[in-house]
Amino acid sequence: MAEGSEKPVDIFEMLLRKTMTKAVISELESERPRNDDIIARLIDYETRAQQERLSSQTLQAFLSGRRVLGKS
């Protein structure tokens with residue numbers, strides 16, 4: 001895709017994946033006990049992403065995030 005020609009949905013999904021990735025990395029780097037709330041949120045967001053028919057790349061990002069945190 002040429003630079004500057006991204007559709008709003010593409011930009012939204014890119015930002016969503018980046019935000020989710022940062023949240024997972026933050027959780028991994030945290031020294032506090034694992035917070036299962038982030039897992040619940042990832043599951044909720046993944047369900048919503050499926051309902052909204054977001055890209056398979058976005059769905060895979062949620063699945064990978066859960067897997068990295070130890071809950072698939």
Side-chain angles (χ1 to χ4, degrees):
M1 191 176 285
E3 188 175 330
S5 65
E6 293 180 13
K7 296 182 276 184
V9 172
D10 295 338
I11 293 169
F12 168 76
E13 287 194 54
M14 180 185 68
L15 291 172
L16 179 62
R17 289 189 301 267
K18 282 184 178 183
T19 300
M20 188 276 309
T21 300
K22 286 179 183 180
V24 170
I25 290 170
S26 176
E27 184 68 23
L28 289 171
E29 292 176 344
S30 173
E31 295 190 18
R32 65 185 188 275
R34 181 65 32 92
N35 182 353
D36 286 338
D37 182 54
I38 191 170
I39 302 294
R41 287 185 308 181
L42 288 174
I43 292 169
D44 288 344
Y45 296 156
E46 182 179 357
T47 300
R48 182 66 187 265
Q50 289 171 341
Q51 292 169 346
E52 297 296 327
R53 298 176 195 247
L54 298 184
S55 71
S56 59
Q57 184 179 8
T58 298
L59 294 172
Q60 182 61 43
F62 287 111
L63 180 62
S64 295
R66 289 195 346 250
R67 188 175 303 125
V68 165
L69 293 174
K71 304 274 184 162
S72 52

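The analysis underlying the following values was restricted to heavy atoms, covering all of them including side chains, and did not include hydrogens, waters or symmetry mates.
When the side chains of ILVMFWY residues are joined at heavy-atom separations under 4.5 Å, either directly or via intervening members, Leu59 and Leu16 end up in two distinct hydrophobic clusters. Clustering ILVMFWY residues whenever any of their side-chain heavy atoms sit less than 4.5 angstrom apart, transitively, puts Ile39 in a cluster other than the one holding Ile25.
Under 4.0 Å is where a charged nitrogen must lie from a carboxylate oxygen, and between Asp37 and Arg41 at least one such pair does.
For the atom pair OG1 (Thr58) and CG (Leu63), the distance works out to 12.5 Å, reported to the nearest 0.5 Å. A distance of 10.0 Å separates CD in Gln50 from CZ in Phe62, rounded to the nearest 0.5 Å.
For the pairing with Ser55, the side chain to side chain contact (heavy atoms under 4.5 Å, CB included) check across Met14, Gln60, Arg17 returns one residue only, Arg17.
Between the side chain of Thr47 and the main chain of Ile43, a donor-acceptor pair closer than 3.5 Å is present.
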